Amino acid sequence: MNTANLLAAGFAVALLTGWYSTDAHAAELCHTPTPQTLISWYNTTYPDKPLHYDSRSSAIYHPIATLRTASPRLTWIGLAWLAPVSGALFVSDCDGKPQSAVPLGAVGKLTAGPVLPILGQTVMVEYVDHETSDCVHDSIGILALQDGKIVSLWDHESKQGMNIAAEHTTSHGFVSRNYTVTFTGDVPTLQVTGQLSAYPFLKDGSQSATPSASEPLPAESYRWDAGKLRFVAQGKYRHFKPCISADRPSAK
């Protein structure tokens, strides 16, 4: 047997015996339960906290967001169905067995959050928090699995878009707030920046792609507090109620 064959054979034995491991390979070995399995498990596990889910009108799941973490070795799964504010976040082990779940609005995005002492890799989830005929309000949260339960470590507005009428006129516009979250430091700190923009509606009823006015929102900072298991605000920041505030940027 030549050297190449010996290496191939050794690699195969390593896979079979389990001592060879990479994050990519570990992720491949994880199984993801189906949405139907997750919903059935949820209804059995949390009978007193029903999901806003109707199998007759919510048969389409869009999207199904997943995120696998290596330490701890988990699969996070976000579900969304036809009603925009209906959805849930689940976490399962690599055998596909659900561990915990929390009802949320429709989950749109899952990304890796900061790595924290004891808790390990966290997950950042963005979801539809509130919706009306003239407004959509999304929130973002950082969560982790602790002692078999999903715990919330931080939450914040992610973005909001609202149709509003101009004062003393019949014209309308669209006002948006959009936030960006970054995290840095040995003791993780979240830095939150935002932009407030106004977009006029054109004569044909469409929304202009160019804002008529835009300005930065006050920067915010949140520092990890291991004792409270929360990211704690480093100042007093204004927080908006979903789909109520219609602040506009100053025209330049």
Side-chain angles (χ1 to χ4, degrees), residues 23 63 65-78 80 85 87-91 99-130 135-162 175-197 214-245 247 249:
D23 288 345
T66 61
L67 176 73
R68 289 195 172 105
T69 61
S71 181
R73 198 159 174 243
L74 300 167
T75 301
W76 293 86
I77 307 147
V85 294
L89 179 68
F90 296 81
V91 61
Q99 301 296 300
S100 183
V102 290
L104 294 172
V107 175
K109 188 176 182 181
L110 290 177
T111 54
V115 177
L116 299 173
I118 301 176
L119 295 174
Q121 180 67 64
T122 63
V123 62
M124 187 176 292
V125 56
E126 188 171 340
Y127 59 96
V128 180
D129 191 19
H130 191 78
C135 175
V136 175
H137 182 101
D138 291 354
S139 288
I140 192 166
I142 296 177
L143 302 101
L145 187 69
Q146 182 194 36
D147 299 330
K149 294 183 179 180
I150 294 176
V151 292
S152 174
L153 311 176
W154 179 79
D155 55 85
H156 196 279
E157 176 184 359
S158 172
K159 56 187 176 183
Q160 175 174 289
M162 178 184 288
V175 174
S176 71
R177 288 196 305 268
N178 292 276
Y179 290 91
T180 300
V181 183
T182 57
F183 40 89
T184 57
D186 294 334
V187 178
T189 299
L190 305 179
Q191 303 294 342
V192 181
T193 56
Q195 194 78 12
L196 176 65
S197 302
S214 184
E215 64 185 31
L217 292 163
E220 303 175 24
S221 179
Y222 299 81
R223 189 176 176 86
W224 174 246
D225 187 319
K228 296 181 179 179
L229 282 180
R230 291 284 298 177
F231 284 93
V232 178
Q234 300 301 287
K236 293 183 178 181
Y237 309 124
R238 181 183 179 186
H239 292 281
F240 301 88
K241 293 183 178 180
C243 297
I244 293 179
S245 176
D247 290 355

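Values below: every heavy atom of this structure, side chains too, minus hydrogens, waters and symmetry copies. Note that the structure is a prediction, hence the values are computed from the model and not measured.
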_Gln195 (side chain) donor-acceptor with Tyr179 (main chain) under 3.5 angstrom_ = no
*Do side-chain atoms of Tyr222 reach the backbone of Arg230 as a donor and acceptor pair under 3.5 angstrom?*
no
_Assess the residue pair Leu143 and Leu89 against the criterion (side-chain contact (heavy atoms from CB on, under 4.5 Å)); give the C-alpha distance rounded to whole Å, side-chain angles, the decisive distance to 0.1 Å, and a yes or no._
CA-CA 10 Å; Leu143 302 101; Leu89 179 68; 4.0 Å; yes
Side chains of [X] and [Y]: does their closest heavy-atom pair fall under 4.5 Å?
| X | Y | result |
| --- | --- | --- |
| Trp224 | Leu119 | yes |
| Pro188 | Leu116 | yes |
| Trp154 | Val192 | yes |
| Ile142 | Leu190 | yes |

Atom of [X], atom of [Y] and distance for their closest heavy-atom approach:
| X | Y | result |
| --- | --- | --- |
| Leu110 | Val123 | CD2-CG2, 4.0 Å |
| Gln121 | Ala112 | NE2-CB, 3.5 Å |
| Leu196 | Val175 | CD1-CG1, 3.7 Å |
| Phe231 | Pro114 | CZ-CG, 3.7 Å |
| Cys243 | His137 | SG-CB, 3.9 Å |
| Gly120 | Pro72 | CA-CD, 4.2 Å |

Just verifying a value: how many Å separate [X] [atom1] and [Y] [atom2], rounded to the nearest 0.5 Å?
| X | Y | atom1 | atom2 | answer |
| --- | --- | --- | --- | --- |
| Asp155 | Tyr127 | CG | OH | 6.0 Å |
| Glu220 | Gln234 | CD | CD | 11.5 Å |
| Phe90 | Leu104 | CZ | CG | 10.0 Å |
| Met162 | Ser245 | CE | OG | 7.0 Å |

_Candidate pair Lys241 and His130, rule side-chain contact (heavy atoms from CB on, under 4.5 Å), full reasoning_ = CA-CA 10 Å; Lys241 293 183 178 180; His130 191 78; over 6 Å; no
*Out of Val125, Asp138, Asn178, Thr180, which one pairs with Ser158 under the side-chain contact (heavy atoms from CB on, under 4.5 Å) rule?*
Asp138
*Evaluate side-chain contact (heavy atoms from CB on, under 4.5 Å) for His156 paired with His239, printing each intermediate quantity in order.*
CA-CA 8 Å; His156 196 279; His239 292 281; 3.9 Å; yes
*Audit row: Cys135, Gln160, side-chain contact (heavy atoms from CB on, under 4.5 Å) steps and yes/no*: CA-CA 7 Å; Cys135 175; Gln160 175 174 289; 3.8 Å; yes
